[in-house]
There are 2 protein chains.
Amino acid sequence: MDEGRRRCREDTRQRILTAARRLFAEHGYDHVTVRLIAAEAEANIALINRYFGSKRELFAEVLAVQGRFPGVLDVPDEELPRRLAEYVAERLSTDRSSPVMEALVRSSSSPEIHGILRQRVSSAIMEPLVERLSGGDARLRAAIATALITGSGTLRLLYGPDAVEQPDREAVVARLEKIFRVCLEP
Amino acid sequence: MDEGRRRCREDTRQRILTAARRLFAEHGYDHVTVRLIAAEAEANIALINRYFGSKRELFAEVLAVQGRFPGVLDVPDEELPRRLAEYVAERLSTDRSSPVMEALVRSSSSPEIHGILRQRVSSAIMEPLVERLSGGDARLRAAIATALITGSGTLRLLYGPDAVEQPDREAVVARLEKIFRVCLEP
DNA sequence: GAAGGTAGTAGACGCCTGTTTACTTCGTCA
DNA sequence: TGACGAAGTAAACAGGCGTCTACTACCTTC
């Protein structure tokens, strides 16, 4: 560790943020204590409230970073169902998952941060999706797609990274693509 | 209150169970305290551990009751997609929802009860669905359907009982039915 | 009427929580 | 060299948690 930077405000802030991101993704809001974050960041507990105000605000900042999801939506209309299918399939049958998405799903039952979560889901998934969809019932179709995306997170949460024991990865993607197509078409 | 029955073990047990079911459905496992359950049940705290062993075991017993979900699956194959669609639509756009399903979604991020939740999801949704599905990839298709069902719960959790502001209820059901059809067909 | 068992109760136990206060350490500039 | 401000720290605060123990109230049976 760069001891010369130990007493640098911004460096410490970043260490806390990094530790919080990892821990919130792994255990969810309720089950991560500020003491645990401080220990992992090798920082003093009091600094968390000094730099972020409260545990809640730290969580908000963790979720506020530009996650991977916007990248998923940056494809031509024709490829969108396929892209969403790949995203969900990856979460359902591998151990790779976006830390932000993981933290979101693992924290969904903490009422005190519902506002933060709702805002993140709206701005990262729901609204961009609604804007892209043409035809009627855009909000409904976007909501169903969102439900499928978050639902795959819950399934993974309960059944582990290999929620779907499926040797044929292409079959998973293909099935999901068909579903997203039906979901997103006007 | 029937004062004559106040000192009846079975009666008290039932009051605790009823209170727990309501509270777990409303706030989830983590955010319900045994003191709260005891207060709502008008029973002493110590009786919860005496009659159920622990908070965890009480939760298990709440979830073990025959919920409404099995009824959803008791329709002919041809009507199944429609039935599932109605179930999800009801959760997405009304304030009616099964207490068991509600408790399940609201408690999904408590690792200490993941085993209980997984078992409930498996026995109430996943396995009955797999058994009904013919053709290949039955497990995969059942898993996707389950993800959509639990995902609608998460959406409702975040956005409230009117997660989908859709005046035309039939449009919601119709769209969901199409999706479930694609999901469940071989 | 005494004995025994069951239902219910009050209170404490030990631990953990997020947050705050009073303090020390250290680099920098006059 | 000494003062100042920023970074970091230890310890306590006030409260909550699930659990457990020692106790009382009451009904039943001899």
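Owing to the predicted nature of the structure, the values given are computational and were not obtained by experimental measurement. Residue numbers begin at 1 in each chain, while the letters A, B, ... track the order of the sequences.
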Q: Could you state the atom-to-atom distance from CZ of R9(A) to P of dG8(D) in whole Å?
A: 9 Å
Q) What is the distance, rounded to the nearest whole Å, between atom CZ of R15(A) and atom P of dA7(D)? A) 13 Å
Q) For atom CD of E185(B), is the number of surrounding heavy atoms from other residues, nucleotides or ligands below 6.0 Å larger than 12? A) yes
Q | 4.5 Å side-chain heavy-atom contact, V172(B) and L176(B) | A | yes
Q: Please report, rounded to the nearest Å, how far the P atom of dG8(D) is from the CG atom of L47(A).
A: 6 Å
Q | Contact pattern, 5' to 3', of nucleotides 18-26 of chain D - B, S or - by protein heavy atom under 4.0 Å | A | BBBB---BS
Q: Check the angle between the aromatic planes of F59(B) and Y29(B) and answer parallel, tilted or perpendicular using the 30° and 60° thresholds.
A: perpendicular
Q. Side chains of R106(B) and S109(A): is there a donor and an acceptor less than 3.5 Å apart?
A. no
Q | Neighbours of DNA chain C within residues 111-119 of chain A, by heavy-atom distance under 4.0 Å | A | none
Q. To the nearest angstrom, how far is E10(B) atom CD from dG8(C) atom C1'?
A. 16 Å
Q.
Can you measure E42(B) atom CD to dT9(C) atom P for me and round it to whole angstrom units?
A. 10 Å
Q: Tell me, please, which residues at least two apart from R35(A) pass side-chain contact (heavy atoms from CB on, under 4.5 Å).
A: T33(A), I45(A)
Q) CG of L17(B) to CZ of F52(B): how many Å apart, nearest 0.5 Å? A) 4.5 Å
(Q) Pair S122(B), E127(B) - check side-chain hydrogen bond (donor to acceptor under 3.5 Å, both in side chains), show working. (A) CA-CA 5 Å; S122(B) 288; E127(B) 283 168 19; 4.5 Å; no
(Q) More than 12 heavy atoms of other residues, nucleotides or ligands under 6.0 Å from CD of E78(B): yes or no? (A) no
Q | Interatomic distance where CD1 belongs to I16(A) and C1' belongs to dT9(D) [whole Å] | A | 13 Å
Q | Nucleotide dG18(C), atom P - distance to NE2 of H31(B) in whole Å | A | 11 Å
Q: Establish, with yes or no, whether the OP1 or OP2 oxygen of dG8(D) is under 4.0 angstrom from a side-chain nitrogen or oxygen of T12(A).
A: yes
**Q.** Between P of dG18(C) and CD of E57(A), the distance in whole Å
**A.** 15 Å
Q. Quick one: does V72(B)'s side chain get under 4.5 Å of E86(B)'s, heavy atoms only?
A. no
Q | Sugar-phosphate, base or nothing in reach of F52(A), heavy atoms under 4.0 Å | A | nothing
Q: Give a yes/no answer on whether the side chain of Y51(A) brings an N or O atom under 4.0 Å of OP1 or OP2 in dA7(D).
A: no
